[in-house]
Amino acid sequence: QVQLVESGGGLVQTGGSLTLSCIASGRTFSRNSMGWFHQAPGKEREFVAAINWSGGNTYYADSVKGRFTISRDNAKNTVYLQMNSLKPEDTAVYYCAATSTVVARKSRYDYPYWGQGTQVTVSS
């Protein structure tokens, strides 16, 4: 089992920045690939970014490329999502997820472990 707790969400103006953190506990964090997803009201949960176990490979949704950066610190059991140049359409609940696969995944169905989510609201 893996337990995930997100933090760092909040209200920010268009063009602002936020950094989300996700602390993991349970089975060995360094062996998990990690992902960030978001879900806006009335919409499905969507892929945002993912990182493999070592941090050597990262993947991003087209909508956030160049603006968001995913990273991890295995010594702190933490994965981060640095979000810059935020837009109103980034408004959503952001979820951290973990999977035991070596290669990071983009599908939410590949992630068995989820955090409770943190709200990000970008005002126009």
Side-chain angles (χ1 to χ4, degrees):
Q1 286 288 342
V2 176
Q3 293 78 43
L4 304 171
V5 179
E6 303 99 333
S7 62
L11 174 65
V12 65
Q13 291 185 334
T14 297
S17 298
L18 283 174
T19 300
L20 306 183
S21 300
C22 173
I23 298 176
S25 60
R27 60 181 289 173
T28 306
F29 173 76
S30 62
R31 297 179 182 175
N32 293 116
S33 294
M34 304 294 295
W36 285 98
F37 293 76
H38 68 195
Q39 187 168 16
K43 295 187 177 181
E44 292 189 350
R45 194 168 297 187
E46 298 178 336
F47 170 75
V48 175
I51 189 167
N52 75 327
W53 68 274
S54 68
N57 290 295
T58 56
Y59 306 91
Y60 297 93
D62 289 343
S63 61
V64 307
K65 281 181 181 177
R67 300 190 297 124
F68 291 11
T69 302
I70 188 171
S71 62
R72 66 189 295 162
D73 185 338
N74 286 346
K76 296 182 178 179
N77 286 359
T78 303
V79 63
Y80 305 95
L81 185 68
Q82 173 68 45
M83 305 185 295
N84 298 325
S85 302
L86 283 161
K87 305 175 180 179
E89 51 264 43
D90 295 320
T91 295
V93 177
Y94 282 71
Y95 296 91
C96 173
T99 178
S100 59
T101 61
V102 174
V103 178
R105 303 291 187 179
K106 298 181 180 180
S107 170
R108 67 183 188 267
Y109 300 109
D110 289 324
Y111 289 84
Y113 306 108
W114 293 85
Q116 82 290 349
T118 185
Q119 177 70 47
V120 171
T121 303
V122 184
S123 63
S124 57

Stepwise ring-ring contact (aromatic ring centres under 6.0 Å, His included) check, Y111 with F37 = CA-CA 11 Å; Y111 289 84; F37 293 76; 5.2 Å; yes
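- Cluster membership check: Y95 does not share its hydrophobic cluster with L81, using side-chain heavy-atom separations under 4.5 Å among Ile, Leu, Val, Met, Phe, Trp and Tyr.
- Taking both residues in full, the closest heavy atoms of T101 and S33 are given as O-OG, 2.8 Å, listed atom of the first, atom of the second, then distance.
- Linking Ile, Leu, Val, Met, Phe, Trp and Tyr whenever their side-chain heavy atoms come within less than 4.5 Å puts L4 and V120 in one cluster.
- Cluster annotation: I51 is connected to L18 through the hydrophobic network of ILVMFWY side chains, with a link wherever side-chain heavy atoms come within less than 4.5 Å.
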message = Set out, in order, the CA-CA distance, both residues' side-chain angles and the distance that settles side chain to side chain contact (heavy atoms under 4.5 Å, CB included) for S100 and R31, then state yes or no.
response = CA-CA 7 Å; S100 59; R31 297 179 182 175; over 6 Å; no
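- Residues V79 and V64 share a hydrophobic cluster, clusters being chains of Ile/Leu/Val/Met/Phe/Trp/Tyr side chains in contact below 4.5 Å.
- Checking side-chain atoms of N52 against main-chain N and O of N57 turns up a donor-acceptor pair under 3.5 Å.
- Pairs of residues two or more places apart, or lying in two chains, that qualify as salt bridge (charged side-chain N to carboxylate O under 4.0 Å, His left out) and include a residue from residues 40-49 are E44-R108.
- Residues M34 and C96 come closest through the heavy atom pair CE-SG, 3.6 Å.
- In this structure, the side chains of T14 and P88 come closer than 4.5 Å at one or more pairs of heavy atoms.
- Under the 4.5 Å side-chain heavy-atom criterion for grouping Ile, Leu, Val, Met, Phe, Trp and Tyr, V122 is connected to F68 within one hydrophobic cluster.
- By the 30° and 60° cut-offs, the orientation of the rings of Y94 relative to H38 is perpendicular.
- To the nearest 0.5 Å, the span separating OG on S21 from CZ on R72 amounts to 13.5 Å.
- The backbone N or O of W53 lies less than 3.5 Å from a partner atom in the side chain of N74, making a donor-acceptor pair.
- For K65, the salt bridge (Lys or Arg N to Asp or Glu O under 4.0 Å) criterion is met by D62, not counting sequence neighbours.
- Remark: the backbone N or O of G117 is paired with a side-chain donor or acceptor of E6 at under 3.5 angstrom.
- Closest approach of A40 to A92, counting heavy atoms only: N-CB, 3.8 Å.
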message = Assess the residue pair V12 and M83 against the criterion (side chain to side chain contact (heavy atoms under 4.5 Å, CB included)); give the C-alpha distance rounded to whole Å, side-chain angles, the decisive distance to 0.1 Å, and a yes or no.
response = CA-CA 11 Å; V12 65; M83 305 185 295; over 6 Å; no
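- S123 and Q13 share no side-chain donor-acceptor pair at under 3.5 Å.
- Taking CH2 of W36 as the reference point, atom OG1 of T118 lies at 7.5 Å (rounded to 0.5 Å).
- Annotation: the span from Y59 atom OH to I70 atom CD1 amounts to 11.5 Å, rounded to 0.5 Å.
- Atoms CG and CD, from L11 and Q119 in turn, are 9.5 Å apart once rounded to the nearest 0.5 Å.
- With contacts defined as side-chain heavy-atom distances shorter than 4.5 Å, the pair S7/L20 does not qualify.
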